[in-house]
A.B. asks: 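My questions all concern the structure below.
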Amino acid sequence: MNLFTHFRDQIAELITELAQAGELPEGLDTSRITVEPPRDASHGDVTTNAAMLLAKPAKKSPRDIAALLAAKVEGLAGVTGVEIAGPGFINMRVGTDFWQARLRDILDAGTAYGDSAAGADQKVNVEYVSANPTGPMHVGHARGAVFGDALAALLEKAGYDVTREYYINDAGSQVDVLARSLHLRYLEALGEDIGEIPEGLYPGDYLVPAGKILANRDGDKWKDADEADWLPVIRDFAIDAMMDMIRDDLAALGVKHDLFTSERTLVQGGKVDEALDFLKEQGLIYEGILEPPKGKLPDDWEEREQTLFKASAFGDDVDRPVAKSDGSWTYFATDMAYHLDKYRRGYADMIDVWGADHGGYVKRMNAAIKALTGGEGVLDVKLCQMVSLMDNGEPVKMSKRAGTFVTLRDVVDKVGKDVVRFIMLTRKNDAGLEFDFTKVQEQSKDNPVFYVQYAHARVNSVMRMASEELGAGPISDDAIHGANLGRLMDENELALIKLMSQWPRIVESAAVQHEPHRIAFYLGELAAEFHGLWNKGNKDKGLRFIISDDQELTLARLAMIRGVANVIASGLKVFGVTPVEEMR
RNA sequence: GCGCCCGUAGCUCAGUCGGAUAGAGCACCAGAUUCCUAAUCUGGGGGUCGUGAGUUCGAAUCUCGCCGGGCGCACCA
């Protein structure tokens, strides 16, 4: 259970009771009341701002309301002390048996601890990665991939019905370039000397194997054919080959999708016409001429009439073109159709994970969603900032031309998927992230992955030691579940249990805010609390987890640290990181 | 020129839909190992939260101006 929402509900009831008794006005808005852990532990275990928020509408002083409420709060189950502090905070202390019961919850739930029904099975669509199918994924893609994957898992844990989606940009001119690039590699495979890859085509040698496969399959069928004949065939072949490669890269990183949606299929299925017709009916599409951008003019600027979407009526700065001069749709037009399609598939809640270089695109997409869904659809675009690759404090130089281009696969092969995933999630998405090859492989507390993993491994290490010490074979789950948790009375132990008890609240708030990084910080905190308690055992032997002449207490403490391992494993599961049993 | 994001300790960053004396790690200084992994821990110094106003019981958080940095700015995706 989330103990804060638990008390929040109870306090809301008390307010209703007070209203019925005539002590407070009826119908007060309690929705903005928060119940949280106080910043300073000396203020107790749980605090609420209820009195201060109700002061104005109830026309009483915060302290008076606090006094009324405090008298009632004192009677709540688990509450052992209530104080009114500062401008009107109501601080509560909660008894040891309450905390022991929370540990019981954790042990019973296992890694399911923290699962929440807050999302109420609401459908959410998370679109992430969506890298163009023109080459292997590079490190920049990894961040968005991991972020989207973890956000999806987090939302699932918080009770949302999540679909993970990949949008394949296979309709623009870049896939024609891909096809021409592959055609060259195909000629090469047939034994022709193709020389240097011309400017404007993709030079990467990742197309070489695909060229060979194509040559084997089709022989010299396309050798002297017109481009108009071979382009569609080779394009399809190339896109499939690139998507296979991307899927392999994603699999190496442990990133999964439920659904791959093709832009080309949308266009061919008439979805863009449908979306545009829908907007036309509302008079939101027109032929017009855009003002040139202020300041520096693009070199090739020319005034021309275009088909425009009235984005400015929905919060965008200017209206946006939907058709190119050759008559094909702009990327924006197909993207509108795609989002309308998602909405019509039942996703009023959409999350897109994009690279920061697409930031200028957010407003127009939000404008489009408003127009297309009549304000019913909500899009949250999460922009992931750049990852700077470092090696021992020095920037890693990358150049596509020199071939020192670091692919996602290179990074995963070098440091492992768990490290890549965790590090990518240690920063807010809109903050830049430094990824230092040397640091992330270090086994020290500078390295957050290691630090958290070590705490989990340490629990297991203690379990192994305890088995030997107690001489009764491995500690069974039954023994842990049968432990007398009433023996956990020390303030250090209770502090650890209190921190563990925050996990459900962390999950809910991180899910609602779409901020998986909060979990990384929480896990670091929990690991620190655990390592701290472990070390206290050095100074004070009475605080060690294993007390050889008190089996009951030992089992209780083992149950407690099993709880720590459960919570860490529960968090790492959201991140898609495997908890380790042993450090090597 | 316009839009979006960012500005918190020497460095890297947290900071709960506005809450109490602004936190953590690194670095620096001083300590802890007959002991469950010292791969760890304890303590200390270090801040006009870029800046100036406003909103209110209360602002790092919300609003506006300014300064500094990143990204983007018609027919690319």
Side-chain angles (χ1 to χ4, degrees), chain A residues 4 31-32 34 36-40 43 47 49 52 55-56 61-62 85-89 91 130 132 134 169 171-175 263 289-296 298 300-304 306-308 316-326 328 330-332 334-335 355-363 383 385-386 426-428 430-432 434 442-448 450-451 453-455 457-459 461-466 468-469 505-506 509-510 512-513 517-518 520-521 524-525 528 531-539 541 544-547 557 561 582-583:
Chain A
F4 300 98
S31 65
R32 288 182 58 238
T34 59
E36 343 175 280
R39 183 176 292 176
D40 186 340
H43 291 137
T47 187
N49 61 358
M52 286 160 328
K56 199 173 274 181
S61 84
F89 289 102
N91 296 333
S130 302
N132 289 339
T134 54
N169 297 136
S173 52
Q174 84 285 358
V175 286
E263 181 185 4
I289 296 169
L290 284 178
E291 298 266 309
K294 301 251 160 53
K296 206 168 55 182
D300 54 348
W301 172 266
E302 56 177 279
E303 204 174 76
R304 91 165 69 77
Q306 298 182 97
T307 310
L308 300 168
D316 200 359
D317 308 311
V318 291
D319 294 341
R320 304 291 180 177
V322 295
K324 301 184 206 168
S325 38
D326 68 359
S328 64
T330 60
Y331 178 79
F332 177 54
T334 56
D335 217 7
D357 52 343
H358 291 58
Y361 202 76
V362 175
K363 268 193 182 179
L383 295 177
Q385 277 292 342
M386 300 276 297
T426 52
R427 290 281 179 270
K428 241 182 330 207
D430 51 14
E434 210 172 85
E442 240 168 52
Q443 301 206 333
S444 77
K445 63 183 166 188
D446 300 0
N447 179 353
F450 171 79
Y451 188 75
Q453 287 282 32
Y454 179 42
R458 199 172 223 180
V459 169
S461 164
V462 174
M463 291 291 173
R464 287 190 294 271
M465 290 301 296
E468 282 178 35
E469 188 79 24
R505 179 175 181 274
I506 300 289
S509 67
V512 168
Q513 307 287 329
H517 76 277
R518 293 187 186 202
F521 281 90
E525 242 178 84
H531 286 311
L533 184 50
W534 193 95
N535 270 275
K536 283 204 171 95
N538 288 333
K539 212 172 273 174
K541 293 192 178 172
R544 290 194 187 175
F545 302 132
I546 300 171
I547 307 289
R557 289 184 175 169
I561 63 172
E582 211 176 341
M583 304 305 288

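Each chain gets a letter, A, B and so on, in the order its sequence line appears, and its residues count up from 1.
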A.B. asks: Do the ring planes of A:Tyr361 and A:Tyr331 sit parallel (below 30°), tilted (30 to 60°) or perpendicular (above 60°)?
C.D. replies: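 Tilted, since the angle between the ring planes falls between 30° and 60°.
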A.B. asks: Toss me the dot-bracket line for RNA chain B: Watson-Crick and G-U wobble, both under 3.5 Å, 5' to 3', using | for pairs to another strand and [ ] for crossers.
C.D. replies: (((((((..((((.....[...)))).(((((.......))))).....(((((..]....))))))))))))....
A.B. asks: Rounding to an integer number of angstrom, what distance separates B:G15 and B:A60 when you compare their P atoms?
C.D. replies: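 So the two P atoms sit 16 Å from each other.
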A.B. asks: Are A:Ser461 and B:U37 close enough that a side-chain N or O sits under 4.0 Å from OP1 or OP2?
C.D. replies: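 Affirmative; the distance criterion is met.
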A.B. asks: Please enumerate all residues that pass side-chain hydrogen bond (donor to acceptor under 3.5 Å, both in side chains) together with A:Asp317, with sequence neighbours excluded.
C.D. replies: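 In terms of side-chain hydrogen bond (donor to acceptor under 3.5 Å, both in side chains), with neighbours along the sequence ignored, A:Asp317 is linked to A:Lys363.
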A.B. asks: Over all strands shown, is A:Pro87 touching base, sugar-phosphate only, or nothing at heavy-atom distances under 4.0 angstrom?
C.D. replies: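 The residue A:Pro87 makes base contact.
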A.B. asks: Look at A:Tyr451 and B:C41 and indicate whether a side-chain polar atom (N or O) is within less than 4.0 Å of OP1 or OP2.
C.D. replies: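 Affirmative; the distance criterion is met.
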A.B. asks: Does A:Arg427 contact B:C13 through a side-chain donor or acceptor facing the base, at a distance under 3.5 Å?
C.D. replies: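 Such a pair does not exist between side chain and base.
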A.B. asks: Looking only at side chains, do A:Thr334 and A:Glu263 share a donor and an acceptor under 3.5 Å apart?
C.D. replies: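 Judged by distance alone, the side chains do pair up.
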A.B. asks: Base, sugar-phosphate, or nothing: which does A:Thr334 touch, judged by heavy atoms less than 4.0 Å apart?
C.D. replies: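 No contact at all - A:Thr334 keeps every heavy atom at 4.0 Å or more from the nucleic acid.
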A.B. asks: Pick the C1' atom in B:G18 and in B:G58, then give their distance to the nearest Å.
C.D. replies: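 Pairwise C1' distance, B:G18 against B:G58, rounds to 8 Å.
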A.B. asks: Just by distance, do the side chain of A:Gln174 and the backbone of A:Asn169 share a donor-acceptor pair under 3.5 Å?
C.D. replies: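 Indeed, once roles are kept as given, a pair shorter than 3.5 Å links the two residues.
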A.B. asks: Going by modelled atom types, is there a donor-acceptor pair between the base of B:A77 and the side chain of A:Thr134 at under 3.5 Å?
C.D. replies: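 Check fails, no donor-acceptor contact within cut-off.
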A.B. asks: Once you apply a heavy-atom cut-off of 4.0 Å, does A:Glu434 come out as touching a base, just sugar-phosphate, or nothing?
C.D. replies: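 The residue A:Glu434 makes no contact with any strand.
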A.B. asks: With C1' as the reference atom in both, quote the distance from B:A27 to B:G7 in angstrom, rounded to an integer.
C.D. replies: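 Their C1' atoms lie roughly 22 Å apart.
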A.B. asks: Would you tell me if any nitrogen or oxygen in the side chain of A:Arg458 comes within less than 4.0 Å of OP1 or OP2 on B:A38?
C.D. replies: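 For B:A38, OP1/OP2 do have a side-chain N/O of A:Arg458 under 4.0 Å.
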A.B. asks: Determine the interatomic distance between C1' on B:U56 and the same-named atom on B:C41; round to the nearest Å.
C.D. replies: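 Rounded to whole Å, the distance is 44 Å.
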A.B. asks: Heavy atoms under 4.0 Å, any strand shown: does A:Thr426 hit a base, just sugar-phosphate, or nothing?
C.D. replies: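 Touches nothing.
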A.B. asks: So what does A:Gly359 hit on the nucleic acid, given a heavy-atom distance under 4.0 Å: a base, only sugar-phosphate, or nothing?
C.D. replies: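 Result for A:Gly359 = nothing.
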A.B. asks: Can you tell which of B:U37, B:G19, B:A77 lies closest to the side chain of A:Met52?
C.D. replies: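 Nearest to the side-chain atoms of A:Met52, counting from C-beta on, is B:G19.
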A.B. asks: Check whether any side-chain N or O of A:Gln174 sits under 4.0 Å from OP1 or OP2 of B:C76, and answer yes or no.
C.D. replies: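 For B:C76, neither OP1 nor OP2 has a side-chain N or O of A:Gln174 closer than 4.0 Å.
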A.B. asks: Counting any heavy atom closer than 4.0 Å, what does A:Asn91 reach on the DNA or RNA strands: base, sugar-phosphate only, or nothing?
C.D. replies: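 Base: the residue A:Asn91, judged by heavy atoms under 4.0 Å, touches a nucleobase.
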A.B. asks: CD of A:Gln385 versus P of B:C6: gap in Å, rounded?
C.D. replies: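 The distance from CD of A:Gln385 to P of B:C6 comes to 9 Å, rounded to the nearest Å.
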A.B. asks: Classify A:Lys539 by what it touches in the nucleic acid, base, sugar-phosphate, or nothing, heavy-atom distance under 4.0 Å.
C.D. replies: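 It contacts nothing in the nucleic acid.
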A.B. asks: Using a heavy-atom cut-off of under 4.0 Å over every strand shown, decide if A:Arg518 touches base, sugar-phosphate, or nothing.
C.D. replies: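 Sugar-phosphate contact only - A:Arg518 comes under 4.0 Å of backbone atoms but never of a base.
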A.B. asks: Using atom P in both nucleotides, what's the gap between B:A20 and B:C5 to the nearest angstrom?
C.D. replies: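 Between the two P atoms, the distance is 25 Å.
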A.B. asks: Of the candidate nucleotides B:A77, B:U34, B:A74, which contains the atom at the shortest distance from the side chain of A:Arg304?
C.D. replies: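 Selected nucleotide: B:A74.
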A.B. asks: Does A:Lys428 make a side-chain N or O approach to OP1 or OP2 of B:C13 shorter than 4.0 Å?
C.D. replies: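 So the side-chain polar atoms of A:Lys428 never come under 4.0 Å of the phosphate oxygens OP1 or OP2 of B:C13.
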A.B. asks: Determine: side-chain N/O of A:His358 to OP1/OP2 of B:C73, distance under 4.0 Å, yes or no.
C.D. replies: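 It does not, given that no N or O in the side chain of A:His358 lies less than 4.0 Å from OP1 or OP2 of B:C73.
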A.B. asks: Between B:G19, B:A77, B:A14, spot the one nearest the side chain of A:Phe521, thanks.
C.D. replies: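 Selected nucleotide (nearest to the side chain): B:A14.
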A.B. asks: For B:C76 and A:Lys324 - does any side-chain N or O of the residue sit under 4.0 Å from the phosphate oxygens OP1/OP2?
C.D. replies: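 Checking A:Lys324 against B:C76: at least one side-chain N or O falls below 4.0 Å of OP1 or OP2.
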A.B. asks: Taking atom C1' in both B:A14 and B:C49, compute the distance separating them and give it to the nearest angstrom.
C.D. replies: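 It comes out at 13 Å once rounded to the nearest Å.
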A.B. asks: According to a cutoff of under 5.5 Å between the ring centres and under 30° between the ring planes, does A:Phe89 stack with the base of B:G19?
C.D. replies: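 No, aromatic ring not over the base.
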A.B. asks: Mind checking the C1' distance from B:U12 to B:U55? Whole angstroms is fine.
C.D. replies: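 The answer is 34 Å between these two C1' atoms.
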A.B. asks: Measure from the side-chain heavy atoms of A:Tyr454 and tell me the nearest of B:A14, B:C36, B:A38.
C.D. replies: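 In terms of side-chain proximity for A:Tyr454, the closest of B:A14, B:C36, B:A38 is B:A38.
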A.B. asks: By the 4.0 Å heavy-atom rule, please label A:Val462 as base, sugar-phosphate, or nothing.
C.D. replies: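 Counting heavy atoms under 4.0 Å across all strands, the contact made by A:Val462 is with sugar-phosphate only.
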A.B. asks: What's the closest nucleotide to the A:Asp317 side chain, out of B:A14, B:G3, B:A74?
C.D. replies: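 Of the options given, the side chain of A:Asp317 lies nearest B:G3.
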A.B. asks: If you check the A:Arg505 side chain, which of B:A20, B:U16, B:C17 turns out closest?
C.D. replies: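 Minimum distance to the A:Arg505 side chain belongs to B:U16.
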A.B. asks: Report yes if a donor N or O on one partner sits less than 3.5 Å from an acceptor N or O on the other, where the partners are the side chain of A:Asp357 and the base of B:A77; otherwise report no.
C.D. replies: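 Side chain to base: no pair present.
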A.B. asks: Between A:Gly432 and A:Gly172, which has a closest nucleotide on RNA chain B that is more 5'?
C.D. replies: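 The answer here is A:Gly432.
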A.B. asks: Please write out each protein N/O paired with an N/O of nucleotides 61-63 of chain B under 3.5 Å, distance rounded to 0.1 Å.
C.D. replies:
none

A.B. asks: Which is true for A:Gly524 with a 4.0 Å heavy-atom rule: it touches a base, it touches only sugar-phosphate, or it touches nothing?
C.D. replies: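 A:Gly524: no heavy atom of the nucleic acid under 4.0 Å.
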A.B. asks: Flag the pair A:Leu383 / A:Asp430 as yes when at least one side-chain heavy-atom distance between them is below 4.5 Å, and no otherwise.
C.D. replies: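 Not in contact.
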A.B. asks: Heavy atoms from C-beta onward define the side chain here; which of B:C41, B:U16, B:C36 lies closest to that of A:Phe545?
C.D. replies: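 Of the candidates, B:C36 comes closest.
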A.B. asks: Distance check needed: B:G69 P versus A:Asp430 CG, whole Å only.
C.D. replies: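 My rounded result for the distance is 20 Å.
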A.B. asks: Please state the P separation for the pair B:C62 and B:G69 - nearest whole angstrom.
C.D. replies: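 Their P atoms lie roughly 23 Å apart.
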A.B. asks: Contact class for A:Ala85 vs. all strands (heavy atom < 4.0 Å): base, sugar-phosphate, or nothing?
C.D. replies: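 Contact class for A:Ala85: base.
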